[in-house]
Amino acid sequence: MCQAWGNPSSSHPTGKKAKELIGCARESLARMLGGRPEDIIFTSGGTEANNMVIHTACRHFHENQRGTGDNRGTPHIVTSSVEHDSIRLPLEQLGREGLAEATFVPVSPLSGQAEVDDVLAAVRPNTCLVSLMLANNETGIIMPVAELSRRIRALNQRRTAEGLPRILVHTDAAQMIGKGRVDVRELGVDYLTIVGHKFHGPRIGALYAHGPGTTAPLHPMLFGGGQERSFRPGTENTPMIAGLGQAAELVSTNWEAYEAHMQDVRDYLEARLEASFGKQRIHFNSHFKGSKRLCNTCNFSILGPGLQGRRVLAHCKVLLASVGAACHSEKGDRRQSFHCQLHLLLKETGVGTAVTVPEPEGTLHGLRGPWHHRHRGTQVSYGSGALPARLADVRELCLPGCS
Ligand SMILES: Cc1ncc(COP(=O)(O)O)c(C=O)c1O
């Protein structure tokens with residue numbers, strides 16, 4: 001903001017400096033993901049990146065039809081039933097307008113994942129996009145995206161031979177970046193959504209597209225000054241982009257250490273919850289045999305008749321958690337669609353309350369102090385007993401007189 005305030009499209013020194021910073025940030029993001037700098041398009045955030053992929057897939061479907069004189073009707077998109085609203089809502093809107101069809105594949109009650117076979121079973125002749133998040137923002141369950149891409153690549157070969165449209169593959173990696181390995185070469189996707197504030201970057205994002213406009217089609221939603229090679233025009237937000245690049249550098253260098261640390265914190269929280277409430281009163285909603293989950297997310301239910309997530313959390317003085325994704329906090333105790341999903345995942349239904357402790361947005365907030373201290377290089381101690389004391393606030397509400 002002080003040294004490169006010029007318009008990056010200007011040819012004077014501050015403009016050039018700004019352009020250079022943006023180029024460095026693009027390289028940092030590409031390095032973090034194992035992609036190429038030209039595959040990175042900066043956006044306002046994950047919502048825009050997700051919408052852009054859906055918009056692109058529909059446009060591409062129609063343009064290809066025009067080319068062949070074929071008419072296969074409306075484009076069809078397959079996704080899971082637990083995607084973020086920035087996938088679900090645009091698809092529902094397109095469906096209402098008759099511009100696209102969507103299938104929302106439910107997650108398996110055995111794994112918490114959208115299973116590859118179920119996703120493929122939903123594919124139709126007019127399918128043009130499959131979008132599956134890399135990790136769920138409420139359960140933390142990691143989805144089988146690499147396997148899905150592999151299977152779709154093979155399917156696409158058969159579809160091409162039959163004259164059917166190619167299926168593009170997108171993953172929303174918002175929750176996974178900074179908490180585990182994310183490599184676009186291993187994932188084999190055409191598009192990947194990046195959200196800065198999920199890995200301690202500023203509140204912007206980016207879209208990875210594998211060869212934008214060539215290998216992977218990409219259609220802008222906005223038209224203007226030609227920035228971002230016209231895929232996303234508008235004068236670049238240099239400080240935010242530079243910050244995103246810096247966050248990406250930190251992730252590239254440290255992700256294994258971050259992951260190990262967050263996993264320690266999560267496991268400690270879960271151990272203390274179990275010790276405080278007892279095995280009978282606590283249920284961890286994301287513990288599935290054979291499924292991997294995010295190192296930073298703990299989703300649990302405190303079992304007991306008539307408990308309400310909001311009331312329980314109101315008694316939490318220091319531990320900051322939420323009853324669902326932060327984006328839905330205005331919408332009541334649980335978002336309806338996900339509530340249904342979560343009930344599928346719960347061993348016991350109709351009892352207890354689900355509480356999510358993700359980080360950093362909704363957040364390991366409860367553990368934010370320790371996390372940030374460690375993040376800044378200070379040794380963390382969990383030996384103070386501070387966390388158990390705070391859990392006692394909640395336990396008093398759930399098991400009156402026992403704390
Ligand atoms: C999985 C996932 N995708 C997309 C988004 C949207 O990101 P933004 O709000 O930055 O547009 C979020 C934000 O919480 C998210 O969790």
Side-chain angles (χ1 to χ4, degrees), residues 29 33 40-55 77 79-93 104-105 107 112-114 129-145 169-180 182 187 189 191-208 221-222 232 234 237 240-241 243-244 247-248 251 262 286 292-299 320-331 334-335 337-338 341-342 356-365:
L29 261 75
L33 301 172
I40 303 294
I41 317 290
F42 292 111
T43 63
S44 61
T47 299
E48 184 185 334
N50 284 348
N51 275 263
M52 200 167 165
V53 171
I54 292 170
H55 168 78
I77 293 167
T79 189
S80 83
S81 56
V82 295
E83 298 294 313
H84 188 263
D85 276 357
S86 54
I87 289 288
R88 185 174 66 89
L89 292 179
L91 289 178
E92 286 179 358
Q93 181 62 25
F104 297 90
V105 175
V107 294
Q113 296 177 336
L129 175 71
V130 168
S131 177
L132 180 61
M133 67 198 329
L134 197 46
N136 183 263
N137 47 320
E138 294 190 315
T139 60
I141 295 290
I142 296 171
M143 303 287 180
V145 173
V169 182
H170 166 242
T171 189
D172 176 350
Q175 295 291 336
M176 186 80 188
I177 295 173
K179 292 137 205 167
V182 179
L187 291 171
V189 291
Y191 310 99
L192 180 142
T193 292
I194 302 154
V195 181
H197 61 100
K198 307 295 185 192
F199 54 102
H200 292 272
R203 289 218 160 91
I204 59 161
L207 177 68
Y208 160 86
M221 293 194 297
L222 305 173
R232 204 290 186 177
N237 192 341
M240 290 283 185
I241 291 174
L244 186 66
V251 165
M262 283 188 258
S286 309
K292 293 202 178 104
R293 62 192 179 110
L294 288 178
C295 56
N296 74 322
T297 303
C298 172
N299 186 318
L320 304 181
S322 52
V323 290
C327 344
H328 309 296
S329 58
E330 309 275 293
K331 299 178 192 161
R334 295 289 309 178
R335 168 164 63 114
S337 62
F338 195 77
Q341 290 293 324
L342 197 60
T356 314
V357 190
E359 189 278 348
E361 169 60 11
T363 218
L364 268 189
H365 273 161

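Order of listing sets the numbers, starting from 1, for every ligand and every atom in it.
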Novice: Considering Thr43, Thr193, Asp172, Val195, which one's heavy-atom position lies nearest to atom 1 (C) of ligand 1?
Specialist: Asp172

Novice: Roughly how far apart are His84 NE2 and Glu138 CD, rounded to 0.5 Å?
Specialist: 9.0 Å

Novice: For the atom pair CD (Glu48) and NE2 (His55), what is the distance rounded to the nearest 0.5 Å?
Specialist: 11.0 Å

Novice: Heavy-atom distances under 4.0 Å decide this one: backbone, side chain, both or neither, for His197 against ligand 1?
Specialist: side chain

Novice: When you look at Ile87 and His170, which way does the side chain to side chain contact (heavy atoms under 4.5 Å, CB included) test go after all the steps?
Specialist: CA-CA 11 Å; Ile87 289 288; His170 166 242; 3.9 Å; yes

Novice: Any non-hydrogen side-chain atom of Phe199 less than 4.5 Å from a side-chain atom of Leu244?
Specialist: yes

Novice: Quick check on side chain to side chain contact (heavy atoms under 4.5 Å, CB included): which of Asn136, Thr139, Val82 does Val107 satisfy it with?
Specialist: Val82

Novice: Measure Gln175 to ligand 1 on non-hydrogen atoms and call it side chain, backbone, both or neither using the 4.0 Å cut-off.
Specialist: side chain

Novice: Would you say Lys198 touches ligand 1, if touching means a heavy atom closer than 4.0 Å?
Specialist: yes

Novice: Does any N/O atom on Glu48 come nearer than 3.5 Å to any N/O atom on ligand 1?
Specialist: no

Novice: As an exercise, identify every atom of ligand 1 less than 4.0 angstrom from a heavy atom of Ser86.
Specialist: 4 (C)

Novice: Ile194 vs Val182, test: side chain to side chain contact (heavy atoms under 4.5 Å, CB included). Steps then yes/no.
Specialist: CA-CA 11 Å; Ile194 302 154; Val182 179; over 6 Å; no

Novice: Should you measure from each heavy atom of Ala174, which atoms of ligand 1 turn up under 4.0 Å away?
Specialist: 1 (C), 2 (C), 3 (N), 15 (C)

Novice: Go through the side-chain N and O atoms of Asn50 and Thr193 and say whether any donor and acceptor fall under 3.5 Å apart.
Specialist: yes

Novice: With heavy atoms of Gly46 as the reference, note each atom of ligand 1 found under 4.0 Å away.
Specialist: 7 (O), 8 (P), 10 (O), 11 (O)

Novice: For ligand 1, which atoms, with element, lie under 4.0 Å from some heavy atom of Thr47?
Specialist: 6 (C), 7 (O), 8 (P), 9 (O), 11 (O)

